[in-house]
A.B. asks: 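What follows is a structure written as C-alpha cells; I'll ask about it next.
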Amino acid sequence: MKKTIIVAGAAGEGINTVEMFIEKILKHSGYSIYSYKNYMSRVRGGYNYSTIVVSSDPVYAIEEQGDIFIALNKEAHELASVQLKEDGLLISEMNHDNVKTILFSKEEMPHEVKGKNAFAMASVGWVLKYFGVTESNLERITNKKWRPEVNASNLAAATWGYEKATLTADFSKEQPERILVNGNQAVALGALSAGLSFYSAYPMAPSTGIMTYLSANEKEMNIIVEQTEDENAGIMAAVGASSNGVRAMTGTSGGGFALMVETLGFAAVSETPLVVCNVQRPGPATGLPTRTEQADLAFVVTASQGEFARIVLAPLTVEDAFYTTHRAFNLADKYQVPVVILTDQLLADSTQSIPIFDTKSLSNERYLTVEPVEDYKRYDYDAISGGRKYPGIDKETIIMTDSHVHDPYGHVTEDEQATVLLKNKFMKRMDAIRTEAKAPLFHGSEDYETLFISWGSTYGALKEAVDSLIENGEKVALLAFSDVFPLSESIMDPYLSKKPFIINVEGNAMNQFGQILRMETGVRWQASINKYDGRPFTANYIMNEFEVIRNGQSK
Amino acid sequence: MVNLNKLNVVKNDNPFVTNNPTSWCPGCGNFSILDSINQVLYEEGLTPQDVLMVSGIGQAAKLPHYIHAHGLNTLHGRALPAAMGAQAANNSVKMLVTSGDGDTYGEGGNHFLHNVRRNLDLVHIVHDNQIYGLTKGQGSPTTALGQKTRLQFDGMRHEPLNPVALAISLGCTFVARSFSGDPKHLQKTIKAALDHKGYALIDVMQPCVSFNEVNTFKWYKERVFEIASDHDVTDKVKAFELAQTFGDEGIPIGILYREESPSFMERIPHIDRPLVDYVRKPEDIDSLLNRMID
C-alpha cells in the first residue's frame, strides 16, 4: 500500500503541524514516510503545501498528485482538483463540485472542538483512522511546548475527526527503531557525529535548517554556532577555527557560496581542512529562494582562482547525507583540503523515516601528528596526507598558516622551485583523492540495455522510475554518483561492456555532471532527461521522458 | 630551503625576535611597530607558543612572518573573521591582529563593525599610514579629502573615515591611538591593550615613506600630543569629542576610551575550556537520535 497526502494552505495556517503529527504517528505505526515541503519565499500567506508519501515499503521520492488532499483554505480547496488523482479524496470545510469531498463544516463540529486548529486537527484524526492507527495513538497529538488547553482542544478535534472516518486501511508492521529526519538535519547530525565543534554561517534558504538544528543543540553538544555578518566571515571563521585544531564547517546556498569562493582557495593553499555545505537552489542571483535545482556543480568544481585539490560530494538520500557528511570530515582532515557537500532544497526539505544512524560503525580520523617533531615542516611538499599540527598541539612547535605560495614552514616565497613543488603536491593529492573516491551506486537489472546516470538527490526519483520500468519488463539500470569530483578516468569501465544506451538525468539544463563525466572519462551520454522548473524530479516524470526518448529512437 | 623558524631566531633573550628578511621599505614605520610588539610580548613574560599573530593582506599584514610566534596570514580584509574562529577554537592563546588602514577599514569594514560588537579578546594594531602601500599609492579610507595620490590625481573626493570615533561609537571596549615614531608610547599602549580583556584597537599613525608625501614622519611628529592624564577614559562622550581632534589641530595619542564588558568567549558560558580540548566521538549524538525515534 502506498498513498500520498497533500496538506495545502498559506504559510502560518498549520501545514507543518498537520504534517508533523501525521508523520510522527504513522511512522510509529510502522509506515515508511517520505515528505517534501513546497513553499514560497515569504513569511505569511502565499500557497504552500507538503507532500507526504505513506507506504508499507520504503519510499524514495514524492508523487506530483495526491490520494488525499487536506485544504486549509479556499485557494487550496480550489486547487485540489488539479493536485488530486482521479479517485482522490479532498478533506475540506466546504463541498467541491468536481472532487469527492470529506466535509468537515464548522457548523457540524461540537462546541468543545472549535479551537483555532479544529479543522486541521480533525483532518489529522481522520487520516490516522484511514491508515488504521488505533485510537490510543491519538494521545501522541501533543506538543510539550504548547499550553495544556491547546493540546486538549487539538486532541478533542482529532478524536472527532477520527470518529468521522470510516475507511480503514488494515496495516501495522513491527519496524526496527527508525527516526524521522530531513536532509538538513542529517547533514548537521553527520557533522556532529564527526566531532564538529564550530559552525559559522549566514542565514540563507534553504540551508538555514542546518544552522538552526545545530544551534538548538549547541549546549548539549558543547559546540559553538556563530551567526556571522556575511558569508565571507562564515567561511573564514570556519577556517580560522579549523586551523586552530577543531572540526569546523559552514553552510549556505549558491549565492552565499559565491561570496565564499575566495576563502575556499585560502583553505586549499593553507591546507586547512574545511567542510562547506552548499544547499542548492535555482540561480543565478536571487533565483528561486525556496525551490530546488542541481545547477551549482560546474561552479563548485571550478570555484576560486588557481589550481588546487578539492572534493565535491553529493549525498543521494537523507540517510546518505548523514554518512557522507561524516566521511567529508575525515577526508578533509586526511588530505587537508576543502570538501564541498552539495545537497539541494529537495534533500534539505525532504523528511524520511529511516533506520537510526549507526554511530558505532563510524570513527573520527584526524590524521594529526601530536608529538613534537624535530624540524617540523607544516607544509612538507611530500606529505600528501596526514602529519598535520596546529598551534598548541604540542608545547614546542610554532605554526604558520599562510595564504601565499610558501616554503615548507609556511613563510612567503616567490621561488620558482617552491611554486612548482607546492602545485605538484596539490596535483598528487588530487590523484590520491580520485583513487579513494567511492564508486557510483548501481541499481537495476543486470542485463541492462539502458543505463541512467545521475548524481545527488536525483537518485530517489530515478530509483523509483527504474523499479517501475523493470516491473514493466524494461532492461534498465542506474548509476548514482555521490563522489562527483574528482572522478577517476576508469570509473565508468565496469559498466560499459554491454554498450548500454546512456541517458543522463540531472536537475539542470546543461547536463553539468554529464559534462564532467565526459571530460574526466570520455564517456558520452546519448540522451538526457533534465528538469529545471524549480520542482523536484518524480518517477512519473522520468518514465514519461524515457518514453519520449524511446519513441524518438524508434522513428 | 632555509628553516626560517629556527635558523633566524636571534640568539638574544627575546624569543620573538627573528632576522627574517622583510619586504618593507627602509625607514618604514612598520619596523618600529614590529620592534615594539616583540618588546612588549617579551616583557609580559609570554613565549612564542603563547601568541597567535593574525593578519589579512598588505604590507602591515606581512608582520606575522617576521615574528617568532604562531601566525595566521589570511586574505585581504578577512583577518578578523579568521581571528574570531581561531579564538572560538582556542582562547588560551594571546591574539594580536596586525593590519593596515585599507585592510581594516576598507575591504574588512563590515568585519570590523561586527567583531567589535563581539568584543573579541584581542589586540588589534592598525598600521594607519593613510595610504595604500602594497598596491603602490592609492587613497585609503583614512586619506584626507583633497589629498593627491598615485590614483586620485586631482585629490581624494571622499571624506576620510575617523577610525577612533567609529570604534567608540560602535562600543569598542578599548580605543587608543599611538605613533610609530614614539616607540615608548607605542609600547606602553600595546601593554595596556594586552592587559585589557576584550577588543583593544590601537590605530597607529605611521608614515609611508614611499607613497604618502603629505603624512610624513615630520608631519605626524609636529602634530601628535599625549592625551592629558586627567582625561576620563570611561567617559564615552568626552572620548568621542577627543576623537574628533585630528590634523592641524593636533592628533591626540594614548587611550581615548576603555570599558569593562564580557568578551566573546565569556558570552558563551557553556564552553568552559578551550573548544579544542573537548574530546568528541560519534556516539555523542546518540542522545539526539534517540529523541528522534518518538
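Sequence lines set the chain letters: A, B, ... in the order given, protein chains first and strands last, and positions in each chain run from 1. Worth saying up front: this structure is predicted, and the values here are computed from it rather than measured.
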A.B. asks: Please identify, among L180(A), V239(A), I393(A), N217(A), the residue contributing the most non-hydrogen atom pairs under 4.5 Å to chain B.
C.D. replies: N217(A)
A.B. asks: K62(B) versus chain A, heavy atoms under 4.5 Å apart: side chain, backbone, both or neither?
C.D. replies: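 When you check distances to chain A, no heavy atom of K62(B) falls under 4.5 Å.
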A.B. asks: Exactly one of N73(B), N20(B), T22(B), T18(B) should register a side-chain hydrogen bond (donor to acceptor under 3.5 Å, both in side chains) with H65(B). Which one does?
C.D. replies: N73(B)
A.B. asks: Is it the side chain or the backbone of L72(B) that comes within 4.5 Å of chain A heavy atoms, both, or neither?
C.D. replies: both
A.B. asks: Report the option among G245(A), S197(A), G265(A) that has the most heavy-atom pairs separated by less than 4.5 Å from atoms of chain B.
C.D. replies: S197(A)
A.B. asks: Using non-hydrogen atoms and a 4.5 Å limit, figure out which bit of L80(B) sits close to chain A: side chain, backbone, both or neither.
C.D. replies: neither
A.B. asks: In terms of heavy-atom proximity below 4.5 Å to chain B, should Y199(A) be classed as side chain, backbone, both, or neither?
C.D. replies: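 Nothing of Y199(A), per the 4.5 Å heavy-atom cut-off to chain B.
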A.B. asks: Count the heavy-atom pairs under 4.5 Å between each of R118(B), R117(B), R291(B), H76(B) and chain A, then report the option with the highest count.
C.D. replies: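 Most heavy-atom pairs within the cutoff with chain A belong to R118(B).
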A.B. asks: Within 45 degrees of the axis of the six-membered ring of Y409(A) and under 6.0 Å from its centre: does R378(A) put its NZ or CZ there?
C.D. replies: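 The answer is no, since R378(A) fails at least one limit relative to Y409(A).
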A.B. asks: Which region of S270(A), side chain (C-beta onward) or backbone (N, CA, C, O), has a non-hydrogen atom less than 4.5 Å from a non-hydrogen atom of chain B, or is it both or neither?
C.D. replies: neither
A.B. asks: Below 4.5 Å from any heavy atom of chain B, which atoms of Y213(A) appear? Answer side chain, backbone, both or neither.
C.D. replies: side chain
A.B. asks: Go through the atoms of V93(B) and report whether side chain, backbone, both or neither lie under 4.5 Å from a heavy atom of chain A.
C.D. replies: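 It is neither, since no heavy atom gets under 4.5 Å.
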A.B. asks: Could you look at L192(A) and say if it's the side chain, the backbone, both or neither that has a heavy atom under 4.5 Å from chain B?
C.D. replies: both
A.B. asks: Could you check whether the rings of Y323(A) and F357(A) sit parallel, tilted or perpendicular, using 30° and 60° as the cut-offs?
C.D. replies: perpendicular
A.B. asks: What part of T263(A) is in contact with chain B, defined as an atom under 4.5 angstrom from a non-hydrogen atom: side chain, backbone, both or neither?
C.D. replies: both
A.B. asks: Does any backbone or side-chain atom of K395(A) lie under 4.5 Å from a heavy atom of chain B? Answer side chain, backbone, both or neither.
C.D. replies: backbone
A.B. asks: Against chain A, label L75(B) side chain, backbone, both or neither, depending on which of its atoms sit under 4.5 Å from a heavy atom there.
C.D. replies: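 It is both, since atoms from each part get that close.
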A.B. asks: Please walk me through it: do Y379(A) and H406(A) pass ring-ring contact (aromatic ring centres under 6.0 Å, His included)?
C.D. replies: CA-CA 8 Å; Y379(A) 296 113; H406(A) 41 246; 4.1 Å; yes
A.B. asks: Of the backbone (N, CA, C, O) and the side chain (C-beta and beyond), which part of E226(A) lies under 4.5 Å from a heavy atom of chain B, both, or neither?
C.D. replies: side chain
A.B. asks: Non-hydrogen atoms of chain A under 4.5 Å away: do they reach the side chain of I271(B), the backbone, both or neither?
C.D. replies: side chain
